[in-house]
2 protein chains.
Amino acid sequence: MARERKFTDDELFKATKLLLIKDGYDSFTFSKLASVMEVSRGSIYKYYENKDNLISEFLVYEMNRFNLSFSGLDKSGDFQTQFSLVIDFIFKHSEIHQILEIINQIPKKSSHRDQSNQTKLNTYYIDMYKQFQGLIEQGKKEQVIKSHLSDAIILGMIFQTIAIPNHFGIPNDEWIASIREILSEGMFQKV
Amino acid sequence: MARERKFTDDELFKATKLLLIKDGYDSFTFSKLASVMEVSRGSIYKYYENKDNLISEFLVYEMNRFNLSFSGLDKSGDFQTQFSLVIDFIFKHSEIHQILEIINQIPKKSSHRDQSNQTKLNTYYIDMYKQFQGLIEQGKKEQVIKSHLSDAIILGMIFQTIAIPNHFGIPNDEWIASIREILSEGMFQKV
DNA sequence: GTCCAAAGTGACACTAGTGTCATGAATTAA
DNA sequence: TTAATTCATGACACTAGTGTCACTTTGGAC
């Protein structure tokens with residue numbers, strides 16, 4: 001006994017992602033979102049208190065999806081195989097870089113509900129970190145990765161390369177191959 | 001025969017840089033700037049039409065300073081020496097990364113004056129690119145840099161590493177040394 | 001067909017930023 | 001001291017977004 005909903009949470013999150021990635025956190029507004037969804041602004045307030053609340057729910061949803069998808073990767077091969085798999089995976093999900101940036105942009109002063117989301121996000125963040133750390137440790141154990149490099153810097157390097165602007169339109173395959181090569185062997189000739 | 005000014009352009013740009021780097025382009029307002037400068041908002045309009053105009057003037061000023069400072073680096077040593085010098089230089093001027101990001105964020109629909117600034121910025125951008133490209137070419141000529149890697153990707157890698165978030169507070173020296181090592185030799189052991 | 005709960009809407013009051021301008025304040029040449 | 005000139009200010013009207021709420025619409029249960 002109810003009226004039919006004009007949009008689902010999934011649709012809302014899809015539009016949210018679109019706008020967040022196009023315009024960034026600051027320029028995201030309920031007005032724009034409502035316009036994309038073709039509903040009135042007021043109706044979104046039925047489900048989310050405000051922008052921060054919506055975005056923090058969205059981020060939880062998105063991080064959860066990313067982690068699930070990441071942990072679904074084939075873990076059977078040796079390190080080299082996995083490393084390639086993971087690089088490809090990250091470049092296929094390159095929005096994750098912006099998502100992580102937005103997580104660090106959310107203002108702290110927020111409602112109880114949002115604080116609980118912050119906690120969840122922290123957990124997801126750590127989960128993600130641990131998954132990568134597992135890979136890095138395997139690499140160090142197999143004597144492939146230099147052991148004196150800290151996990152944090154290796155992870156940072158890998159994640160940051162997603163966001164290198166490809167101003168000159170180099171083809172995707174060459175782009176990813178070059179980055180993988182530099183990350184693993186460097187840009188210098190072997191002596 | 002005039003009243004004394006309460007602030008110079010240099011002071012204004014200094015405050016602008018501060019706010020732009022702290023809050024980003026979207027959150028930058030004349031109100032905040034006036035408050036930092038301890039003058040009225042109205043007085044800033046005496047010198048700059050609006051936010052976009054001020055920021056584009058600021059960026060021209062900043063890029064010019066960066067390029068001058070960069071071209072002042074010692075060019076006498078061999079490639080390896082210069083490479084280290086440049087990496088150190090970039091990390092010392094790491095705000096350049098945000099500056100370049102902001103350049104790409106300025107809306108296009110702007111006044112004649114701003115369009116002339118856009119042209120200037122493009123020139124500065126190309127100047128900067130050429131300076132780095134000179135170094136990369138030297139590296140390739142000296143057989144240090146792998147010749148099959150495109151200049152664009154090498155430059156992109158180097159610039160992007162500035163912005164890796166150092167969440168775990170690794171000491172600056174170790175941080176830069178590790179990044180230089182990964183960029184040049186990679187994160188994999190030599191076989 | 002009637003009831004009614006959930007869903008949706010648009011108008012309202014509020015906040016924060018923008019750009020302008022009449023007015024007042026400071027400086028100095030005459 | 002006065003006149004001329006530049007600077008600085010705060011008030012004004014305007015725009016865009018926020019959050020709320022009384023009211024309308026929808027559609028299944030009875």
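As the structure is a computational prediction, the values presented were derived from the model and not from experiment. Note on naming: letters A, B, ... go to the chains in the order of the sequence lines (proteins, then strands), and numbering restarts at 1 for each one.
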K.L.:
One thing to verify: whether B/E185 and A/K146 come together as a salt bridge, which I'm taking to mean a side-chain N less than 4.0 angstrom from a carboxylate O.
P.N.:
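Salt bridge absent between A/K146 and B/E185.
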K.L.:
On DNA chain D, nearest-nucleotide positions of A/T29 versus B/F7: which is more 5'?
P.N.:
B/F7
K.L.:
Could you tell me whether the phosphate oxygens of C/dG8, OP1 or OP2, come under 4.0 Å of any side-chain nitrogen or oxygen in A/S43?
P.N.:
no
K.L.:
OP1 or OP2 of D/dA8 less than 4.0 angstrom from a side-chain nitrogen or oxygen of B/Y45, does that happen here?
P.N.:
no
K.L.:
Below 4.0 angstrom from OP1 or OP2 of C/dA16, is there any side-chain N or O of B/S31?
P.N.:
no
K.L.:
If you only use heavy atoms from C-beta on, which nucleotide in C/dT20, C/dT9, D/dA8 is closest to the side chain of B/K6?
P.N.:
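In terms of side-chain proximity for B/K6, the closest of C/dT20, C/dT9, D/dA8 is D/dA8.
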K.L.:
Please evaluate the base of D/dA8 for a donor-acceptor partner in the side chain of B/K46 within a cut-off of under 3.5 Å?
P.N.:
yes
K.L.:
Under 6.0 Å between ring centres, would you say that holds for A/Y45 and A/F30?
P.N.:
yes
K.L.:
Please evaluate the base of D/dG19 for a donor-acceptor partner in the side chain of A/R41 within a cut-off of under 3.5 Å?
P.N.:
yes
K.L.:
Between atom CD in B/E49 and atom C1' in C/dC21, what is the gap in whole Å?
P.N.:
16 Å
K.L.:
Check whether B/F13 forms a cation-pi arrangement with B/R65 (NZ or CZ under 6.0 Å from the six-membered ring centre, at most 45° off the ring normal).
P.N.:
no
K.L.:
Can you check the B/I44 CD1 to C/dG17 C1' distance for me, whole Å?
P.N.:
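My rounded result for the distance is 13 Å.
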K.L.:
Name the nucleic acid region contacted by A/Y48, choosing base, sugar-phosphate or nothing; use a 4.0 angstrom heavy-atom cut-off, strictly under.
P.N.:
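The answer is nothing, as A/Y48 stays clear of every strand by at least 4.0 Å.
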K.L.:
Nearest whole Å is fine: how far is D/dG17 P from A/D52 CG?
P.N.:
16 Å
K.L.:
Working to the nearest 0.5 Å, report the span between CG of B/D151 and CD of B/Q133.
P.N.:
4.5 Å
K.L.:
Could you tell me how far apart B/L33 (CG) and C/dG17 (P) are, to the nearest whole angstrom?
P.N.:
13 Å
K.L.:
Given atom CD of B/E38 and atom P of D/dC7, what is their separation to the nearest angstrom?
P.N.:
20 Å
K.L.:
With a distance cut-off below 6.0 Å to the six-membered ring centre and an angular limit of 45° from the axis, does A/K51 pair with A/Y25 as a cation-pi contact?
P.N.:
yes
K.L.:
Please report, rounded to the nearest Å, how far the P atom of D/dT9 is from the CE atom of B/M37.
P.N.:
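It is 11 Å, rounded to the nearest whole Å.
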K.L.:
Let me know the distance between CG of B/N50 and P of C/dT18, rounded to the nearest Å.
P.N.:
9 Å
K.L.:
State whether the distance check finds a donor on one side and an acceptor on the other, under 3.5 Å, for side chain A/R5 versus base C/dG8.
P.N.:
no
K.L.:
When only distance counts, do a donor and an acceptor, one from the side chain of B/R3 and one from the base of C/dA26, lie under 3.5 Å apart?
P.N.:
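It does not, because no donor-acceptor pair links the side chain of B/R3 to the base of C/dA26 below 3.5 Å.
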K.L.:
Send over the distance from A/D26 CG to D/dT18 C1', rounded to a whole Å.
P.N.:
15 Å
